[in-house]
A.B. asks: 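This is the structure I have questions about; it appears just below.
Starting from 1, each residue takes its place in the sequence as its number. One-based numbering, in listed order, for ligands and for the atoms of each.
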Amino acid sequence: MKTPKALRNLAVASCVSLLALTGVAQAADSKQPIVIPTHNWSSQVVMAYVIGGMFESMGNNVEYVSADSQAVYESIRTGDVTISHEVWQSTFGKSFLTAMEKGGVIDAGTHTATTLEEMGVPNWVIEQDLCPGLPNWEALKDCHANFTTPDSDGKGRWLEGPQSWHGDLMPVRLEALGLADKWTVKFAGSADALWTELAAAKKEGRGTIVFNWTPNFTDADGFTFIEFPEYTDGCRVEDGGDGKCGSPKGWLKKAANEKFPKTHPAAYAAFEKLDFTTEQIGQMAALVDSDKMDHKDAAAKWLADNEDVWMPWTK
Ligand code: TMO
């Protein structure tokens, strides 16, 4: 069958005007690399490569830098780093807001996933009744003897994450809650050390309390966060409060250098639309921490398996 000539001409004409329109609506992105930070927990690193892959699919250049997860907000402010894609309220909210107030950092939106970063126990600690009354924090007044370790001086041990995440938040909280004579904080050298401790404690049948967060691969694994007195704005000692509070049920935001929307309008538009759920972020972590994939391979797999999720953001 022959296409009538008039119809063919119309199709050609509308293609041309569509090109012209998108050309007008969007100046081309700069060829300067978009600088994406990597930190020291799995979902963040996998998501860095997921976002980098998305930007590259749009023709952008990308560079990755390993960065401190607190100092990065100042680096975004000064333009050395372009974005942060996992701004966790409890741990980084203050650094992010401080940098934003100074000027140079913009809020690029909030993920659908909500967050919690808190001390907790694997479910079997509760099932074996190693601290009767958990997850209520007041149970900690009576059970420290089941959580001692060779390095804890007879006190129960909280295994915190790396100190670079949120400094002395947990030691200060133990003091504030009147638990410091029974409990002590040790800092893990890496996120992996937390997962190693969970496996070791299970094997040895001993109690363990570790720092953990959601979204994470442990969402699927059976982990219970301790319920501390509710977080309110200003309750932390560093914010002038009495410190008798747990972590917020918080937001997960995206941040960007304020010039990014101008230098890379298409990439910025995609970054603004980008929005992950608890399940998606848990998957990114699980590909590394459960399936033992390399971060880059995990990101490539995630991108290949989820084109229906991210490709619409690039349009
Ligand atoms: C910043 N973190 C998600 C490890 O709590």
A.B. asks: Give every residue pair that meets the ring pair (Phe, Tyr, Trp, His ring centres under 6.0 Å) criterion with at least one member in residues 93-128, sequence neighbours excluded.
C.D. replies: H111-F276
A.B. asks: Measuring from atom CD of E279 to atom CG of D219, what distance do you get when rounded to the nearest 0.5 angstrom?
C.D. replies: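 Reported to 0.5 Å precision, the distance equals 10.0 Å.
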A.B. asks: Compare every heavy atom of L177 with every heavy atom of P229, then report the nearest pair and how far apart it is.
C.D. replies: CG-CD2, 4.1 Å
A.B. asks: With heavy atoms of F92 as the reference, note each atom of ligand 1 found under 4.0 Å away.
C.D. replies: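 Those qualifying, in numeric order: 1 (C).
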A.B. asks: Under 3.5 Å, is there a donor on one side chain and an acceptor on the other for E117 and W165?
C.D. replies: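 No, because no side-chain N or O of E117 sits under 3.5 Å from a partner of the opposite role on W165.
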A.B. asks: Identify, by atom number and element, the atoms of ligand 1 in contact range of W165, meaning under 4.0 Å from any of its heavy atoms.
C.D. replies: 4 (C)
A.B. asks: Can you tell me which residue and heavy atom of the protein come closest to atom 3 (C) of ligand 1, and the distance to 0.1 Å?
C.D. replies: W88 CE2, 3.3 Å
A.B. asks: Looking at I76, is its backbone amide N or carbonyl O close enough to the side chain of N257 to form a donor-acceptor pair, meaning the two atoms are under 3.5 Å apart?
C.D. replies: yes
A.B. asks: For atom 5 (O) of ligand 1, what's the nearest protein heavy atom and its distance?
C.D. replies: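 Minimum-distance protein heavy atom for atom 5 (O) of ligand 1 reads E117 OE1, 2.6 Å.
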A.B. asks: Distance under 4.0 Å to a non-hydrogen atom of F211: what atoms of ligand 1 satisfy this?
C.D. replies: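 Listed by number with element, the hits are 5 (O).
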A.B. asks: Regarding ligand 1, does W41 bring an N or O atom to under 3.5 Å of one of the ligand's N or O atoms?
C.D. replies: no
